[in-house]
Amino acid sequence: QKEPSFAGLERVGGVDLSYVKGDDSRACASLVVLSYPGLEVLYEDCQMVAVSAPYVAGFLAFREVPFLVEAVQRVQQEEPRLKPQVLLVDGNGLLHHRGFGVACHLGVLTDLPCIGVAKNLLQVDGLARDELHREQIRSLQRGGDTFPLTGTSGNVLGMALRSCNSSKPLYISVGHRVCLETAVRLVQSCCRYRIPEPIRQVQKQGS
DNA sequence: GCGACAG
DNA sequence: ATCTTGTCGC
């Protein structure tokens with residue numbers, strides 16, 4: 001995507017698993033598709049699933065991705081013209097211990113462009129929630145302000161993004177077939193509140 | 001051994 | 001992720 005205005009982009013999706021309270025094994029696997037740039041809900045799907053893999057930091061994909069793939073297959077089967085052109089995924093992409101978080105898994109398995117959107121920093125490759133990091137967060141003055149998440153290896157693993165008016169940033173990383181700059185710009189353009197609207201709507205749908 | 005730990 | 005208590009801002 002080289003066009004600054006995202007010409008041709010009409011549908012942005014969000015995927016999420018929301019867990020039943022008090023039951024670690026049952027969850028609602030949800031997909032929403034929003035119009036772009038209007039951010040109106042075009043499609044919602046929620047399917048109760050039995051989750052078997054435990055949550056282990058660094059292995060989120062093995063717990064969640066099978067059900068997210070099924071949700072993408074359902075929209076393709078039932079409403080193919082509403083299939084999203086890009087997915088915002090609750091979790092990380094390249095910002096991961098092994099450089100391959102849930103947003104990468106889902107992208108490869110569905111062949112859809114995917115963007116990792118995490119609400120908390122995954123502490124990997126020297127990145128830490130330390131005083132330096134908190135100071136970098138304080139330096140983000142306005143919605144859209146960013147700083148790169150550069151690991152000890154020297155690689156830029158993602159970007160911290162101040163969305164809207166919230167002092168707590170989002171952690172954006174490449175999932176699949178989207179560069180980091182485009183990922184940050186698209187997420188920013190989907191934000192009415194701190195959480196970008198496709199993920200906010202899918203979490204509302206799940207609960 | 002202890003702390004850290006996306007969702 | 002969920003739960004719980006309290007605070008701030010619109």
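At whole-Å resolution of the value, CG in A/Asn120 and C1' in B/dA4 are 13 Å apart. Rounded to whole Å, the distance from CZ on A/Phe100 to C1' on B/dA6 is 15 Å. Look at CD1 on A/Ile172: it is 12 Å from C1' on B/dA6, rounded to the nearest Å. Distance, A/Lys168 NZ to C/dG9 C1': 18 Å, rounded to whole Å. As rounded to whole Å, 13 Å separates atom C1' of B/dG7 from atom NE2 of A/His97. Taking atom CZ on A/Arg192 and atom P on C/dC10, their separation rounds to 20 Å, with Å as the unit. Put simply, CG on A/Leu127 is 13 Å from P on B/dA6, counting in whole angstrom units. Atom OH of A/Tyr171 is separated from atom C1' of B/dG7 by 15 Å (rounded to the nearest Å).
A/Tyr55 does not qualify as a stacking partner of the C/dA1 base, lacking a centre-to-centre distance under 5.5 Å together with planes within 30°.
Residue A/Gly58 is in base contact, counting any heavy-atom pair closer than 4.0 Å across all strands shown. Residue contacts for A/Val102: at a heavy-atom cut-off of 4.0 Å it reaches a base atom on one of the strands shown. Counting non-hydrogen atoms under 4.0 angstrom, A/Phe62 reaches nothing in the nucleic acid.
At a threshold of 4.0 Å, the pair A/Glu131-A/Arg138 counts as salt-bridged, since one of the basic side-chain nitrogens sits closer than that to a carboxylate oxygen. Between A/Arg74 and A/Asp45 there is a salt bridge, since at least one side-chain N of the basic residue sits less than 4.0 Å from a carboxylate O of the acidic one.
Close to C/dA1, at under 4.0 Å from its OP1 or OP2, lies no side-chain N or O of A/Arg26. Not one side-chain nitrogen or oxygen of A/Lys119 sits closer than 4.0 Å to the OP1 or OP2 atom of B/dA6.
A disulfide bridge connects A/Cys46 to A/Cys28: their SG atoms sit within less than 2.5 Å of one another.
Applying the side-chain contact (heavy atoms from CB on, under 4.5 Å) test between A/Pro169 and each of A/Ile137, A/Thr146, A/Leu161 identifies A/Ile137 as the sole match.
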Residues A/Glu10, A/Arg81; criterion salt bridge (Lys or Arg N to Asp or Glu O under 4.0 Å); working and verdict
CA-CA 11 Å; A/Glu10 297 179 348; A/Arg81 21 164 256 149; over 6 Å; no

